[in-house]
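Because only heavy atoms are used, hydrogens play no part in the values below, and waters and symmetry mates are left out as well, while side chains stay in. Bear in mind the structure is a predicted one, so any value in this text is a computation, not a measurement.
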Amino acid sequence: MEFIAASRVSILVLASCAAALAQTDTPIDGDAVYRKHCALCHDKGVGRAPQLLTLSQYTPERVLAALTTGKMAEQGKALTPAESRSVAMFVTGGKAFGAEEAARQGACAEPAAAFDKPFSGPYWNGWGVDLSNRRMQPAAMAGLRADQVPQLKLKWAFGFPGGGRAFAQPTVAGGRIFAGSDSGKVYSLDAATGCIYWMFKADTPVRTAISIGAVGAQWVAYFGDQHAQAYAVDAATGALLWKVRVEEHPAAMITGAPALYEGRLYVPDSSYEEVTGAAPKYECCKFRGAVSALDAATGKLIWKSYTIAEAPQPVRKNKQGIQLWGPSGAAVWSSPTIDPKRRAVYVTTGDDYSDPAARTSDSFLAFDMDTGKLLWSRQLTKDDGYNLACPSGDNCPTVNGPDFDFGCSPNLVDLPNGKRALVAGQKSGMVHALDPDQGGEVLWSVRVGKGGPLGGVQWGNASDGQNVYVAVSDHYATKDLKEAGGMFALKLETGERVWSTPAPPCSGKSGCSPAQSAAVTVIPGAVFSGSLDGHLRAYATADGRIIWDVDTAVGYESVNGVKARGGSLDGPGPVVVGGTLYVNSGYGMFGEMPGNVLLAFSVDGK
């Protein structure tokens, strides 16, 4: 999902880039190493490769880690240690190893108040506010009326040091903000001012939202990192309580926020093997998505259920004579949805990475929350075998699928007719409603976009009891960028279109796109959607009129003294709590505009 190529041509270039790394000798000169081995992909942002503008905001330690033990380790095997260090310093703008990253700038002058009643006031917990993942903030919690939205102005900006992707949605509880970052640092900030109460350093980047819950009298913050590790830290102090790796596959990671219920933490697995699988010498592929239930107090594994029941087996050999494996894939990119009524955990899954195609990819799945048993599954797209070797690389699955992952958590909603539904958009451009009480029976499916790689509905829809609100990201599905984005409101009961609003055109920015990939958020009377052009807009829920529009892709004077700039809005959506809207800006992947800022907007900036 996250690692799908920008275009079919780009996919071929990425595969050839990986092959070139294995065939060449390099001088110990950062510029030369980059030009010879890296520029082919990074200069153009091929696939998920961050461009130099994004890399320049990182530290050399972070780049070196990616080349040796992280997501670029497969490509980095061809480089000597000296070459890896030299290119790490070059791409980060000549930074030296060991340089500080504004470690304690912006610390709060006064000690924090006791964090003992975090949910006594307004809050936004985890990915979707509540267990149902509806991304709907009620009026009392929002503290912001629709008629006040046009008056929103910047209150403060917080800069993430050494970052180029602000991709971790903030959680707000007890007057504090909890937010991860692409440097691996997790922050607790004062929600009113943005000053820092504490900072915790995870082993790798943290892009999940953070879930807050109690263990006895102690309040705990739970999240996951890009090494498939789940963490529990003291929410008041940031002290580590436990850390557990939920999946041993080297490409495994956690992108969806862990869901917390009745002392158990439900953790989803995703991976970047869709990228490493493109290399002709790589034995593609063995990762399977999963959900793990952990004891929230200790991190002990209670159960683990794979999204593909069958373990990968040898399938065939590619043209290089390399053994290929399958089935694989069906990653869980989003946060699980909890259904206390049926004691079920619902997830949506991604595509297959290799042959044979599984029956549970591109699907809704329901697991028993007590045992992990699969209760039912409903596949919406069959034979979606895809990795970055496609369409014609050595490791492309024979079905050469359309790449129609689900990246949305399903909204669990009550319908006006008394039934319930699970609603989620898909990268196919379709929105689906399923009946969780009838084994996932399809209630309706409606098309809102063209769909494709990085297309359709990407990261999240929102529901307010009457409608479901979805944003469309069709940047690579249409030649006319005017058709790339757009907002839709559909009746929850029938899927009938209530209104649609085309994306406003964008211009004056490099690679400008009006595609709307970020998750959607709704409050009574207004729905918010971010765009790849950096704009955050509010739409009237009654008729789709744009009632507020702010360009976040500008520079900011941050409260913590870090050089901060906004960029493309992708991945997480805004959260609205107690009269303030919080949103991350910057997503330096796929040629999008990087950024490193968390923004707070309130009425008249007060």
Side-chain angles (χ1 to χ4, degrees), residues 57 101-108 112 115 118 122-129 155-202 204-212 219-226 231-238 254-258 335 459 518-519 521 530 536 552 556 558-560 562 564-567 569-578 580-587 595-601:
Q57 301 182 53
E101 287 187 9
R104 288 300 296 167
Q105 290 187 70
C108 295
F115 191 77
Y123 65 87
W124 183 295
N125 194 20
W127 175 253
V129 184
K155 184 176 183 180
W156 53 258
F158 178 87
F160 295 105
R165 287 180 289 165
F167 59 7
Q169 181 177 287
T171 284
V172 184
R176 299 193 191 190
I177 297 171
F178 300 86
S181 70
D182 66 343
S183 68
K185 292 179 178 178
V186 177
Y187 295 90
S188 174
L189 310 177
D190 183 276
T193 67
C195 70
I196 303 171
Y197 285 128
W198 56 254
M199 185 273 291
F200 172 85
K201 184 66 170 70
T204 62
V206 173
R207 67 166 295 167
T208 74
I210 294 173
S211 299
I212 305 294
W219 289 96
V220 181
Y222 300 96
F223 53 90
D225 74 1
Q226 302 275 278
Y231 294 78
V233 304
D234 187 308
T237 67
I254 303 172
T255 53
S335 182
W459 289 116
T521 301
L536 176 63
T552 69
Y556 297 91
S558 69
V559 294
N560 57 327
V562 171
R565 185 172 183 84
L569 298 176
D570 198 347
V575 304
V576 185
V577 182
T580 303
L581 180 150
Y582 305 92
V583 66
N584 285 322
S585 181
Y587 203 84
N596 66 326
V597 69
L598 170 62
L599 303 171
F601 295 91

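A pairwise comparison of heavy atoms in G224 and I254 identifies CA-CD1, 3.9 Å as the closest pair. Residue A257 comes nearest to T208 through the heavy atom pair CA-CB, 3.9 Å, listed as atom of the first residue, atom of the second, then distance. G159 and A564 get closest at one heavy-atom pair: CA-CB, 3.9 Å. The minimum heavy-atom distance linking V575 with P170 is given by the pair CG1-O, 3.7 Å. Counting all heavy atoms, side chain and backbone alike, F167 lies closest to V206 at CE1-O, 3.5 Å. Considering every non-hydrogen atom in both P122 and G578, the closest pair reads CB-N, 3.8 Å.
Between V233 and V186 there is no side-chain heavy-atom pair separated by less than 4.5 Å. At least one side-chain heavy atom of L189 sits less than 4.5 Å from a side-chain heavy atom of L598.
Classified by interplanar angle (parallel below 30°, tilted 30° to 60°, perpendicular above 60°), the ring pair W198/F178 is tilted. Using bins of under 30°, 30° to 60° and over 60° for the plane-to-plane angle, the ring pair W219/F115 lands in the perpendicular bin.
How far CH2 of W127 is from OG of S211: 11.5 Å, rounded to the nearest 0.5 Å. A distance of 11.5 Å separates OG1 of T171 from CZ of F223, quoted to the nearest 0.5 Å. W124 CH2 to L581 CG: the interatomic distance, rounded to the nearest 0.5 Å, is 9.5 Å. Between atom CD1 of residue I196 and atom SG of residue C108 there is a gap of 7.5 Å, rounded to the nearest 0.5 Å. Expressed to the nearest 0.5 Å, how far CD of Q169 lies from CD1 of I210 amounts to 10.5 Å. Considering OG1 of T193 and NZ of K155, their distance stands at 8.5 Å, rounded to 0.5 Å.
Remark: T237 engages no residue in a side-chain hydrogen bond (donor to acceptor under 3.5 Å, both in side chains) (not counting sequence neighbours). For the side-chain contact (heavy atoms from CB on, under 4.5 Å) test, residues two or more places apart in sequence or in another chain that qualify with A112 are R176, Y197. Not counting sequence neighbours, the partners of A191 by the side-chain contact (heavy atoms from CB on, under 4.5 Å) test are V172, I177, Y582. In this structure, the side-chain contact (heavy atoms from CB on, under 4.5 Å) partners of A232, at least two apart in sequence or on a different chain, are V220, Y222, L241, W242. N584 is linked by a side-chain hydrogen bond (donor to acceptor under 3.5 Å, both in side chains) to nothing, counting only residues two or more places apart in sequence or in another chain. Taking the side-chain hydrogen bond (donor to acceptor under 3.5 Å, both in side chains) definition, one finds that T521 meets it with R135, sequence neighbours left out. For the ring pair (Phe, Tyr, Trp, His ring centres under 6.0 Å) test, no residue two or more places apart in sequence or in another chain qualifies with Y556. For S585, the side-chain hydrogen bond (donor to acceptor under 3.5 Å, both in side chains) test picks out T552, with sequence neighbours left out.
In this structure a side-chain-to-backbone donor-acceptor pair under 3.5 Å is present from N596 to F160. Here the side chain of W156 pairs a donor or acceptor atom with the backbone of A192 at under 3.5 angstrom. Between the D182 side chain and the R165 main chain, a donor and an acceptor come within less than 3.5 Å of each other.
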Quiz prompt | Criterion side-chain contact (heavy atoms from CB on, under 4.5 Å) on Y187 and S181, from CA distance to verdict | solution = CA-CA 8 Å; Y187 295 90; S181 70; 4.3 Å; yes
